[in-house]
Amino acid sequence: MKLLMVFLVAALASVATARVRRVADTDRDGDWMAWKAKYQKVYEDAEEDTLRRGIWQEKLRTIGHHNLAHSLGEKSFTLEVNQFTDMTTEEYSSLLRSSLKRQKSTRTYAPNRCSSVALAGNLELPASVDWRQDGYVTPVKNQGEISDSIEFSVTGALEGQWFKKSGHLISLSEQQITDCIGVADPSLDQIYKYIEAKGIESDTDYPPSEEQQSCAYNPAKRAAAVSGFDTITPAGNETVLQTYVATVGPISVYVDASQDSFQLYSNGVYDETKCSSANLDHAMLVVGYGTDQQTGLDYWIVKNSWGPDWGMGGYIWMSRNKENQCGIATSATYPFFTCDQ
Ligand SMILES: *[C@@H]1O[C@H](CO)[C@@H](O)[C@H](O)[C@H]1NC(C)=O
């Protein structure tokens with residue numbers, strides 16, 4: 001009965017909005033102001049405000065429809081308003097696309113490595129893993145507008161492996177990479193090569209900034225080093241990825257994050273049939289995996305770099321064992337060290 005009421009109200013609301021398409025829904029004035037204040041949105045002029053308001057209301061309808069479907073048991077995850085709610089899906093996904101060309105990562109070299117991975121064929125894997133509970137994972141960061149997700153994915157993986165090696169969890173400086181690497185849009189290879197050559201400071205010593213600055217790296221404050229990175233093969237095999245997550249620690253991945261369901265993701269096991277396993281545009285960090293007790297769905301626990309407000313405290317549960325959905329296992333990498341490091 002209650003669901004029927006919700007449905008009727010939603011249906012009536014959509015009829016009403018269709019009729020007054022061009023007129024802003026004044027009931028939402030307070031919400032719009034509050035949302036802009038929360039995310040510090042400042043627009044050029046009244047015209048842009050109206051345009052953004054229209055997109056925002058369209059997204060509210062998307063969220064409403066999706067969450068209704070979730071309450072009827074048709075969706076395994078919910079949506080919510082967040083910092084991207086005033087952007088069209090095209091605008092949002094064009095932000096991500098900037099990193100598409102940086103996913104190529106084939107360099108593998110292993111001289112004298114100390115962190116070798118012995119992968120027995122019949123390894124008994126735990127049913128669930130969460131490296132956050134073992135101190136491998138720093139708090140969720142926010143990449144802002146100048147940095148790219150791949151920098152956060154690399155520092156996240158290195159933070160985990162550095163903790164494993166040294167016993168110290170140190171939040172590492174993406175700002176240093178942004179300021180000092182000396183190339184626009186660095187690739188995964190270039191980022192690892194840079195850290196290998198120079199080392200990397202902590203976030204405390206080299207703090208994040210809203211802007212790109214001139215390089216202020218101080219080698220005396222080097223907090224971590226690296227010898228290279230491995231790409232997990234065969235690409236696209238989730239059982240193999242599971243083995244590495246269970247035995248190595250947090251693993252860098254690329255996914256297709258271009259759908260509006262990702263843009264507005266809130267909670268639950270993300271399951272998007274429109275997702276591509278090959279066209280990947282966003283880097284994140286797999287920190288574990290498990291199975292949802294209520295739905296029985298397998299998921300990967302994935303750390304994003306859009307602040308703790310996005311998703312589940314900054315995390316998303318990506319579908320696991322669903323034919324490599326969104327390319328979660330297509331481009332997976334992790335750093336290693338040689339014995340003299
Ligand atoms: C993934 O790799 C495992 C272990 O090598 C293998 O048994 C399995 O068949 C592979 N799965 C797919 C879908 O290729």
Side-chain angles (χ1 to χ4, degrees), residues 75-77 100 102-111 113-131 134 136 150 153-154 156-157 160-161 164 188-189 192 227-259 261-262 265 268-293 295-303 315-337:
K75 297 278 183 188
S76 58
F77 63 107
L100 185 61
R102 300 176 219 176
Q103 80 194 43
K104 287 275 172 282
S105 56
T106 48
R107 189 173 67 138
T108 301
Y109 59 106
R113 74 168 53 195
C114 270
S115 51
S116 63
V117 189
L119 296 174
N122 50 0
L123 205 61
E124 187 83 32
L125 295 176
S128 65
V129 166
D130 187 349
W131 290 109
D134 298 297
Y136 279 64
I150 186 58
S153 181
V154 167
Q161 293 309 299
K164 190 177 190 177
L188 187 67
D189 299 65
Y192 270 112
S227 308
F229 71 97
D230 271 342
T231 302
I232 295 174
T233 53
N237 184 313
E238 290 187 88
T239 310
V240 173
L241 177 59
Q242 186 185 355
T243 308
Y244 278 83
V245 172
T247 54
V248 173
I251 301 284
S252 290
V253 293
Y254 261 101
V255 301
D256 172 13
S258 63
Q259 302 298 329
S261 55
F262 200 101
Y265 170 81
V269 180
Y270 183 71
D271 183 8
E272 177 54 82
T273 51
K274 282 187 272 179
C275 237
S276 166
S277 297
N279 295 323
L280 316 182
D281 50 24
H282 186 59
M284 299 196 290
L285 185 72
V286 173
V287 303
Y289 60 84
T291 303
D292 186 18
Q293 295 307 314
T295 59
L297 296 171
D298 291 341
Y299 58 81
W300 298 102
I301 308 169
V302 189
K303 186 188 187 189
Y315 283 80
I316 182 170
W317 284 353
M318 299 292 291
S319 281
R320 183 167 65 95
N321 297 331
K322 225 166 193 180
E323 295 175 340
N324 187 26
Q325 195 184 81
C326 304
I328 190 82
T330 300
S331 178
T333 54
Y334 63 95
F336 66 81
F337 312 106

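Small disclaimer: the values here were computed from a predicted structure and weren't measured. Index from 1, following the sequence. Order of listing sets the numbers, starting from 1, for every ligand and every atom in it.
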Mind checking what makes side chain to side chain contact (heavy atoms under 4.5 Å, CB included) contact with T291, not counting sequence neighbours?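 T291: side chain to side chain contact (heavy atoms under 4.5 Å, CB included) contacts with D298, R320.
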Return the set of residues passing side chain to side chain contact (heavy atoms under 4.5 Å, CB included) with T295 (not counting sequence neighbours), or none when no residue passes.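 With sequence neighbours excluded, T295 shows a side chain to side chain contact (heavy atoms under 4.5 Å, CB included) to D292, L297, given in chain and number order.
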Beyond-backbone contact of Q161 with F336, side-chain heavy atoms, under 4.5 angstrom: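 Sidechains of F336 and Q161: no contact.
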With side chains defined as the heavy atoms from C-beta onward, is the minimum distance between Y315 and M284 less than 4.5 Å?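 With C-beta onward as the side chain, the pair stays apart.
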Does the side chain to side chain contact (heavy atoms under 4.5 Å, CB included) test come out yes or no for L241 and W300, once each step is laid out? CA-CA 10 Å; L241 177 59; W300 298 102; 3.7 Å; yes
For K75, what residues pass the salt bridge (charged side-chain N to carboxylate O under 4.0 Å, His left out) criterion, not counting sequence neighbours?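 So K75 forms no salt bridge (charged side-chain N to carboxylate O under 4.0 Å, His left out) with any residue.
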Which parts of the protein, at residue level, reach under 4.0 Å of ligand 1 through a heavy atom?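 Within 4.0 Å of ligand 1, the protein residues are N237, V240.
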